[in-house]
Amino acid sequence: MTNQCVLITGANGEIGHGLIRFLSREGLTKIVALDRSPIDDYQKEVEFYKGDILDRNLIDELGRRYQFDTIFHLAGILSTGGERDPLLAHNVNVEGSLNLLNMADAQSMQRGKPVVFFFPSTIAIYGFESLEQKVKAGKINEDNYLHATTMYGINKLYIENLGRYFSQTYKRFDTTPGLTRIDFRCIRLPGIMSADSLPSGGTSDYGPEMIHAAAQGKPYECFVTPETRLPFMAMPDAIDAIISIARAKKSVLSSTVYNIGSFSISAEEIRQEVMKYFSAAQISFKPNPQRLAIVNSWPGDVDDSRARRDWAWKSDFDRVSAFRDYLIPGIMRRYSVSASKVSLTSCVGA
Ligand code: SER
């Protein structure tokens, strides 16, 4: 994996930070990063471009300047943000992705070597008609309930399909000898919890928000009901999954799209985990009907056996260890919370 060159769009987002940290620690990859706002922490490690994925000239210029082995296209507008400005979300999530796919296609063609194009899809591409249907469905595989209810979910589902199209049948009537297409790979991420950052504009945000608020001694009003359930994942697992699928041998991949799971947890269970460590946390529930409806349309759990079988996906954390071994220590460091302020039982991992 030496002398690789990667492009990360949305580099200043939560996953962007995690990915840059991972790759720069490894020290084997030249990292080109793109975002609308600068990434302060990693100035030395990356060649940073301040700009927009909607700026086609900029994207094409990056394509001329570098030869990318992998593009991690992370930029996008999440589900709540997307419902606030659906047309902007469509533009960014679809047109922006198309600009990147086009550039990756041109590079693959020129070099005769497929650019690996990683795309983070989401549980938001699923859509249940009712809460009863969600509960009854339980763990779902990749092939059912593909009825996204948000602009974000619809955009992501479309790009899943468009990416597959670019990698399999794009330019099907082109007779250029040695036509090389991109190598599109995508995972459907659950809600992500990071100890180092907070998401913005998502609808699974109540999970990480609850923990970060508790660590800062701030009261938190949760916008879903206690029994609301989603699959969640700790950030290190998400980074591990992204790197693993991007580096998997093409021959093992039976699909361009994979669910990945870690743990399924209700909002009340998140509260209970938080209370183990921050026993004075003030967490209440005040459901927001629109945001609750979005979360209720998403699965409570996912079947990730395809990813386990094809590229040996395995989460390093379960519900308890995600909090005990990653989130709580990291969040305490972040907010400089001393161990004495945290409930003693939790420090011994009870
Ligand atoms: N975290 C995303 C959101 O809440 C879902 O994948 O929009």
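Note that the structure is a prediction, hence the values are computed from the model and not measured. Start at 1 and go down the list; that is how both ligands and their atoms are numbered.
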Atom 6 (O) of ligand 1 [closest protein heavy-atom partner, distance rounded to 0.1 Å]: Thr122 OG1, 2.6 Å
For Thr203, the atoms of ligand 1 under 4.0 Å from one of its heavy atoms are 3 (C), 4 (O), 7 (O)
Are Lys30 and Tyr66 close enough, and set up right, to give a side-chain contact (heavy atoms from CB on, under 4.5 Å), and what steps lead you there? CA-CA 10 Å; Lys30 178 186 186 119; Tyr66 299 95; 3.7 Å; yes
Counting both backbone and side chain atoms, is some N or O of Trp298 under 3.5 Å from an N or O of ligand 1? no
For the aromatic rings, using the six-membered ring if either is Trp, is the centroid distance between Tyr145 and Phe128 under 6.0 Å? yes
Side chain, backbone, both or neither: Ser79 near ligand 1, heavy atoms under 4.0 Å: both
Classify the ring geometry of Trp311 against Tyr258: parallel below 30°, tilted from 30° to 60°, perpendicular beyond 60°. perpendicular
Protein contact to atom 1 (N) of ligand 1 [nearest heavy atom, distance to 0.1 Å]: Ser204 OG, 2.9 Å
Within a distance under 4.0 Å of any heavy atom of Leu78, pick out the atoms of ligand 1 and give their elements. 7 (O)
Is it possible for you to check whether Lys171 lies under 6.0 Å from the centre of the six-membered ring of Phe166, through NZ or CZ, and within 45° of that ring's axis? no
Are Glu83 and Arg291 ion-paired here, with the side-chain N under 4.0 Å from a carboxylate O? no
